[in-house]
Amino acid sequence: MRASVEGNEVEVPAGATCADVLKAALSGKRFKAALACRLGGELLDLSVAWPTTFTGSATPVTADEPDGLVILRHSTSHIMAAAVKKLFPEARVAIGPAIDSGFYYDFGVARPFALDDLPAIEAAMRDIIKADLPFTRETMPKAKAARLFREQGEVYKAEIIEGLEGDAPVSLYRCGDFLDLCRGPHLPRTGMAGAFALLSVAGAYWRGDEKNPMLSRIYGTAFPDEKALKAHLDRLEEAKRRDHRKLGKELDLFSFHEDVAPGMSFWLPKGMLLRAILEDFLRREHLKRGYGLVQGPQILRKELWERSGHYDHYRENMYFTEIEGDVHGVKPMNCVGHMLMYGQHLHSYRDLPVRMFELGVVHRHEKSGVLHGLLRVRQFTQDDAHIICTPEQLEDEIIKVMHLSSDLMDLFGFEYKIFISTRPADSMGTDEGWERATNALIKAVEKEGKAYQINEGDGAFYGPKIDIKVMDAIGREWQLSTIQVDFTLPEAFDLVYVGPDGERHQPVMVHRAILGSLERFIGVLTEHYAGAFPTWLAPVQARILNVTDAQEDFVREARERLTALGIRVEADTRNEKLGFKVREAQLAKVPYILVVGDKEVEEHGVNVRLRSGDNMGLRSLEDVAALIRADGDEPFKRGGMSYSFA
RNA sequence: GCCGCCUUGGCUCAGUUGGUAGAGCGGCUGAUUCGUAAUCAGCAGAUCGUCAGUUCAAAUCUGACAGGCGGCUCCA
């Protein structure tokens with residue numbers, strides 16, 4: 001029979017395997033690198049028979065491409081499971097997929113794995129790799145496979161098989177003594193595994209449901225070679241170095257006092273200054289875009305939360321307090337306040353859209369185990385806004401919000417992904433309302449030509465949403481922007497506008513936050529910049545250092561002068577050697593280090609050293625101020641926005 | 001909330017098989033006045049997360065609780 005690989009036609013005997021075909025068509029070296037075979041969109045094991053029905057041209061899959069890396073990691077995960085079964089025969093295997101950063105495998109065990117168990121498992125894995133065992137594929141009718149696993153006590157595998165749709169036989173992979181249910185494909189032999197490392201252990205619910213038993217998960221990673229593995233481990237180290245919790249402490253940005261206020265941040269002067277600059281910028285940007293600034297109260301009576309639906313759908317996450325026998329709820333969201341403010345007047349269609357912006361402080365009682373520095377807290381400030389508009393204006397308003405979001409993400413240099421979340425099980429409103437709202441979101445995103453993914457059932461209880469997620473230093477995704485359409489709350493609060501026909505109509509509401517919360521945003525931003533904030537955001541833009549006590553008076557004078565010129569500057573006149581003070585300023589990531597010795601005093605200037613280590617020589621105070629101001633304005637020129645220093 | 005690990009001076013961490021605590025950095029004091037990533041010396045500072053228990057004796061062992069870290073579920 002004839003087969004084609006990368007355009008090369010070859011003649012192979014009938015019944016040939018994919019390996020036979022690749023071997024006939026490729027150079028020896030290239031064939032040796034092949035982990036699997038790609039036919040159209042399908043990946044096949046090298047050991048399976050070449051499908052005679054395939055008419056296209058196949059390609060080999062190698063470890064240096066994404067599909068190959070997935071196979072490598074998936075097989076490494078199976079090798080780990082084989083090692084675990086060897087060392088802990090009573091362990092029950094669940095699932096073991098490849099993930100973005102490596103792989104994991106979940107096991108049902110009486111005693112969960114600890115970090116101390118990993119070296120022995122790694123050693124057993126090395127033995128299996130050294131033995132160069134083949135991964136052999138076999139298929140079996142579903143019922144037989146389920147029975148087989150059940151007899152072996154592998155309840156999780158049996159449950160997976162029994163839950164599979166259709167009657168197609170299932171594929172099993174054997175590696176030494178270890179037999180596992182798996183769709184494949186796998187490496188031909190364990191000897192082809194690359195460099196790997198087991199990294200951590202964790203608990204994980206069976207099938208991700210907290211009602212199910214907790215399994216013991218081992219995380220690991222694998223790469224084609226030691227060099228790539230080391231690069232990955234180095235990246236993890238670098239991520240630890242830029243962890244915002246560590247940098248926040250080192251740079252004196254914020255603190256936590258876990259014993260008295262778990263999940264709530266304290267903003268120190270430097271962090272608060274950075275935050276105030278951001279807040280100031282946000283307020284101006286919203287005013288420019290037609291938003292009104294508003295602010296509502298922190299606690300509101302329970303009746304209001306019952307009316308909004310929060311009492312039914314969000315009570316678990318709310319804080320309550322009783323005042324003179326009346327139960328009050330601390331606001332977990334700002335929307336109800338905004339709706340009351342809208343209802344203060346009877347609005348004409350000519351007034352719409354009404355856009356209300358609030359840096360709203362909200363409290364949500366998050367479970368203790370989920371708190372994480374500034375990225376997941378119980379009290380946070382949203383850059384929240386509600387847009388109340390006519391149904392006809394909805395799409396245009398969503399697009400405007402998306403523009404604001406992309407302008408801001410670009411300004412900070414964030415990569416992001418868009419998700420659209422649909423109706424959850426626990427929700428309010430009608431199917432029609434949900435469909436209309438969801439379609440409006442999809443239409444707006446498509447009109448903007450942005451790629452998106454659908455998150456089924458992940459919407460808020462009152463409406464569907466667009467979520468925008470950015471990556472942090474370790475590649476974790478964090479949700480920042482959210483744009484939510486709401487047809488239900490305007491109804492619950494009897495919001496109306498008078499149309500051109502003189503009749504009252506119900507408006508549509510958009511909830512949105514762009515940075516999400518200032519806490520999370522500053523956390524992500526700190527890691528993003530590794531603490532070296534751009535000049536416009538840096539709480540301290542310049543630090544003046546004297547060489548000896550003789551220049552102390554001039555340093556004071558220079559600091560006052562630069563402050564008057566609008567520069568955020570501080571002085572370090574401690575009796576320390578210059579090298580020591582430069583080092584400290586450098587570690588504090590101050591963008592401009594201004595050194596003053598006798599020469600500078602004489603010339604009435606400062607010697608300018610940049611954060612990069614470059615030296616710009618002696619400059620006048622006016623020049624330095626102009627330089628720093630221009631540097632601070634730079635990102636806005638690129639982003640087409642503007643923000644001038646106060 | 002669930003699983004695992006952790007909790008020692010302001011910070012980072014040592015503390016061997018249980019015999020009531022150490023270092024570096026930081027702070028303070030003094031000396032030094034020294035041009036671009038760490039000057040030297042001295043001093044102060046911890047009832048070892050909290051509460052019980054075992055023991056002649058607990059930072060070290062046991063339990064409960066509170067926090068933290070890595071995940072899971074959840075989420076801006």
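- Counting non-hydrogen atoms under 4.0 angstrom, A/Lys465 reaches the backbone sugars and phosphates but no base.
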Check your understanding: Would A/Ser216 and A/Arg111 satisfy side-chain hydrogen bond (donor to acceptor under 3.5 Å, both in side chains), going step by step from the backbone distance to the final call?
Key -> CA-CA 9 Å; A/Ser216 184; A/Arg111 176 186 71 82; over 6 Å; no

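- Backbone-only contact: A/Tyr219 has heavy atoms under 4.0 Å from sugar-phosphate atoms and none from a base.
- The residue A/Glu366 sits close to a base: some heavy atom pair falls under 4.0 Å.
- Taking the six-membered ring where tryptophan is involved, the planes of A/His511 and A/Tyr462 are essentially parallel, since the angle between them stays under 30° and well short of 60°.
- Remark: the A/Asn546 side chain and the A/Thr573 side chain contain no N/O donor-acceptor pair separated by less than 3.5 Å.
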Just the table, please: protein N/O against nucleotides 47-49 of chain B N/O, every pair under 3.5 Å.
none

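- With the 3.5 Å cutoff on both pairing distances, Watson-Crick and G-U pairs in RNA chain B assemble into runs of at least 3 at B:1-7 with B:66-72, B:10-13 with B:22-25, B:27-31 with B:39-43, B:49-53 with B:61-65.
- Looking at A/Ser481 and A/Ser405, their side chains do bring a donor and an acceptor atom within 3.5 Å of each other.
- A search for ring pair (Phe, Tyr, Trp, His ring centres under 6.0 Å) contacts involving A/Phe223 returns A/His232, not counting sequence neighbours.
- The nearest whole Å value for the distance from the CG atom in A/Asn317 to the P atom in B/U73 is 17 Å.
- Counting only residues at least two apart or in different chains, ring pair (Phe, Tyr, Trp, His ring centres under 6.0 Å) contacts with residues 587-612 of chain A comprise A/Phe554-A/His604.
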Could you go over nucleotides 2-7 of chain B and give all protein N or O partners under 3.5 Å, atom names and distances?
unit_1 : atom_1 : unit_2   : atom_2 : d
B/C2   : O4'    : A/Tyr205 : OH     : 3.4
B/C3   : O2     : A/Gly203 : N      : 3.1

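- A/His372 places its NE2 atom 12 Å from the P atom of B/G68, with the value rounded to the nearest Å.
- Distance A/Trp206 CH2 to B/G71 C1': 18 Å, rounded to the nearest Å.
- Using a 4.0 Å heavy-atom cutoff across all strands shown, A/Val377 reaches at least one base atom of the nucleic acid.
- The distance from atom CD of A/Glu358 to atom P of B/A76 is 17 Å, rounded to the nearest whole Å.
- Residue A/Arg376 places a side-chain atom within donor-acceptor reach of the base of B/C74, judged by atom type and a 3.5 Å distance cut-off alone.
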Atom pairs under 3.5 Å: protein N/O with N/O of nucleotides 9-14 of chain B:
unit_1 : atom_1 : unit_2   : atom_2 : d
B/U12  : OP1    : A/Lys249 : NZ     : 3.3

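- In this structure, A/Glu258 and A/Asp458 both approach RNA chain B, and ranking their closest nucleotides by distance from the 5' end singles out A/Glu258.
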Whether each nucleotide of nucleotides 34-44 of chain B has a protein heavy atom under 4.0 Å at its base (B), only at its sugar-phosphate (S) or at neither (-) is summarised, 5' to 3', as BBBBBB-----

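- Residue A/Gln479 places at least one side-chain N or O closer than 4.0 Å to OP1 or OP2 of B/A76.
- Considering A/Glu358, A/Met356, A/Gln484, A/His310 as possible partners of A/Cys335, the one that fulfils the side chain to side chain contact (heavy atoms under 4.5 Å, CB included) test is A/His310.
- The heavy-atom pair separating A/His244 from A/Leu374 by the smallest distance is NE2-N, 2.8 Å.
- When the C1' atom of B/U73 is taken as reference, atom CZ of A/Arg364 falls 17 Å away, rounded to whole Å.
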Distance-only donor-acceptor pairs under 3.5 Å for side chains of residues 255-265 of chain A, two or more places apart:
unit_1   : atom_1 : unit_2   : atom_2 : d
A/Ser255 : OG     : A/His257 : NE2    : 2.9
A/Ser265 : OG     : A/Trp267 : NE1    : 3.0

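- Residues meeting the ring pair (Phe, Tyr, Trp, His ring centres under 6.0 Å) test with A/His74, sequence neighbours left out: A/His78, A/His186.
- Atom pair A/Tyr314:OH and B/C74:P shows a separation of 13 Å (rounding to whole Å applied).
- Remark: A/Asp384 pairs with A/Asn334, A/Gln382, A/His386 by the side chain to side chain contact (heavy atoms under 4.5 Å, CB included) rule, at least two apart or across chains.
- Between A/Phe88 and A/Phe113, the ring-plane angle classifies as perpendicular under the 30° and 60° cut-offs.
- Residues A/Asn607 and A/Asn615 bring a donor and an acceptor atom of their side chains to less than 3.5 Å of each other.
- Annotation: proximity of residues 101-110 of chain A to RNA chain B (heavy atom, distance under 4.0 Å) is found for no residue.
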Task: Worked verdict on A/Thr438 versus A/Thr422 for side-chain hydrogen bond (donor to acceptor under 3.5 Å, both in side chains) - done: CA-CA 7 Å; A/Thr438 310; A/Thr422 60; over 6 Å; no

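- Rounded to whole angstrom, the span from the NZ atom of A/Lys367 across to the P atom of B/C75 amounts to 10 Å.
- Here the P atom of nucleotide B/A76 and the NE2 atom of A/His244 are 17 Å apart, to the nearest Å.
- By the side chain to side chain contact (heavy atoms under 4.5 Å, CB included) test, A/Arg559 is found to be paired with A/Ile544, A/Arg556, A/Thr563, A/Val569, A/Ala571, residues two or more places apart in sequence or in another chain being considered.
- A donor-acceptor contact under 3.5 angstrom links the side chains of A/Arg609 and A/Gln586, judged on distance only.
- Closest to the A/Arg217 side chain, of the nucleotides B/A76, B/G1, B/C72, is B/C72.
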